[in-house]
Amino acid sequence: MKPSIVRLAAGSIALLAAGVWLGGILVLGAIVAPTVFGMVPAPTSADAMTIVFTSFDKIAMTAAAIVAVCEVVALRARAKIPPTKIDVARLAVIGAAGALAVVQGLWLSPTIVALHRDGAVRGSGELGQKLERFHSWSETCGKTESLLLVALVVLLAHALARGPREA
């Protein structure tokens with residue numbers, strides 16, 4: 001298969017995966033969480049949202065893996081051309097956003113779920129204070145991940161628009 005076709009396919013799949021990842025974060029943070037927490041009484045709202053967030057964490061980590069694999073495939077397809085500064089920036093953004101998805105999925109969300117299961121109420125008592133801290137870190141993680149993913153979408157689109165650069 002021609003390297004330009006491989007790069008186009010890999011870049012397109014990476015862009016779609018990044019779009020799902022970013023869109024999911026934005027929909028959950030801007031629509032789902034405020035709606036559920038605003039309309040459903042506690043602790044049922046937290047029960048529902050812990051399921052939603054932990055389910056999405058799996059989607060985010062899978063999307064991160066897909067994007068990373070696609071990037072490796074695309075770079076290998078043009079093995080004779082050294083990476084550009086934009087290629088390195090794209091790899092750095094993929095690594096940082098992927099690391100945040102893993103931190104969220106393997107540490108922050110499970111800790112929040114465990115605290116909720118143990119009866120923690122945000123801001124109330126020692127467990128509630130701990131829940132508040134983890135929730136704050138989780139929000140910061142999601143916001144940072146979103147900004148990185150916006151940059152990634154731009155960088156992936158740039159790579160696709162740049163077209164083939166055969167040696």
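Sequence positions, counted from 1, serve as the residue numbers for this chain.
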Hydrophobic clustering (ILVMFWY, side-chain heavy atoms < 4.5 Å, transitive) - are [Y] and [X] grouped together?
X      : Y      : answer
Leu91  : Ile86  : no
Val67  : Val153 : yes
Leu156 : Val150 : yes
Val88  : Val69  : no
Val52  : Ile59  : yes

What's the separation between atom [atom1] in [X] and atom [atom2] in [Y], rounded to the nearest 0.5 Å?
X      : Y      : atom1 : atom2 : answer
Arg7   : Lys2   : CZ    : NZ    : 10.0 Å
Leu147 : Leu152 : CG    : CG    : 12.5 Å
Ile112 : Arg122 : CD1   : CZ    : 8.5 Å
Ile94  : Leu149 : CD1   : CG    : 10.0 Å
Asp118 : Lys130 : CG    : NZ    : 9.0 Å
Arg162 : Leu155 : CZ    : CG    : 10.0 Å

To check you understand the geometry: which heavy-atom pair defines the closest contact between [X] and [Y], and what is its length?
X      : Y      : answer
Ala120 : Gly128 : CB-N, 4.2 Å
Ala96  : Leu148 : CB-CD1, 3.8 Å
Gln104 : Ser138 : NE2-OG, 2.8 Å
Ala64  : Gly98  : CB-CA, 3.9 Å
Ala157 : Leu15  : N-CD1, 4.4 Å

Between Val73 and Ile13, does the side chain to side chain contact (heavy atoms under 4.5 Å, CB included) criterion hold? Intermediate values first, please. CA-CA 11 Å; Val73 168; Ile13 293 167; over 6 Å; no

Taking Ser146 for the side chain and Gly142 for the main chain, is one N or O donor matched with an acceptor at less than 3.5 Å?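 The answer is yes, because a donor-acceptor pair under 3.5 Å joins these two groups.
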
Any sub-3.5 Å donor-acceptor pair from Ser55's side-chain atoms to Ile51's backbone N or O?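 Yes, Ser55 side chain to Ile51 backbone: donor-acceptor pair under 3.5 Å.
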
Report the residues that fulfil ring pair (Phe, Tyr, Trp, His ring centres under 6.0 Å) with Phe53, sequence neighbours left out, ordered by chain and then residue number.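 Ring pair (Phe, Tyr, Trp, His ring centres under 6.0 Å) check on Phe53 returns nothing, list empty.
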
N-O pairing of Asp87 and Arg78 below 4.0 Å: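 Here Asp87 pairs with Arg78 in a salt bridge, since their nearest N and O are under 4.0 Å apart.
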
Could you identify which residues cluster with Met61, counting Ile, Leu, Val, Met, Phe, Trp and Tyr as linked when any side-chain heavy atoms lie under 4.5 Å apart, either directly or through a chain of such contacts?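 Grouped by the 4.5 Å side-chain rule, Val102, Leu106 form the rest of the cluster around Met61.
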
Would you check if Leu8 and Leu160 make a side-chain contact, meaning some heavy-atom pair closer than 4.5 Å?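 Yes - at least one pair of side-chain heavy atoms lies under 4.5 Å apart.
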
Considering only heavy atoms from C-beta outward, does the side chain of Thr111 approach that of Leu108 to under 4.5 Å?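 No, too far: nothing below the 4.5 Å cut-off.
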
With under 30° as parallel and over 60° as perpendicular, where do the rings of Trp137 and Trp107 fit, or are they tilted in between?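 Rings of Trp137 and Trp107: parallel, as their planes differ by under 30°.
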
Side-chain donor/acceptor pairs under 3.5 Å, residues 19-47, sequence neighbours excluded:
{"residue": "Trp21", "atom": "NE1", "partner": "Glu145", "partner atom": "OE2", "Å": "2.6"}
{"residue": "Thr35", "atom": "OG1", "partner": "Ile31", "partner atom": "O", "Å": "2.6"}
{"residue": "Ser45", "atom": "OG", "partner": "Val40", "partner atom": "O", "Å": "3.4"}
{"residue": "Asp47", "atom": "OD1", "partner": "His116", "partner atom": "NE2", "Å": "2.5"}

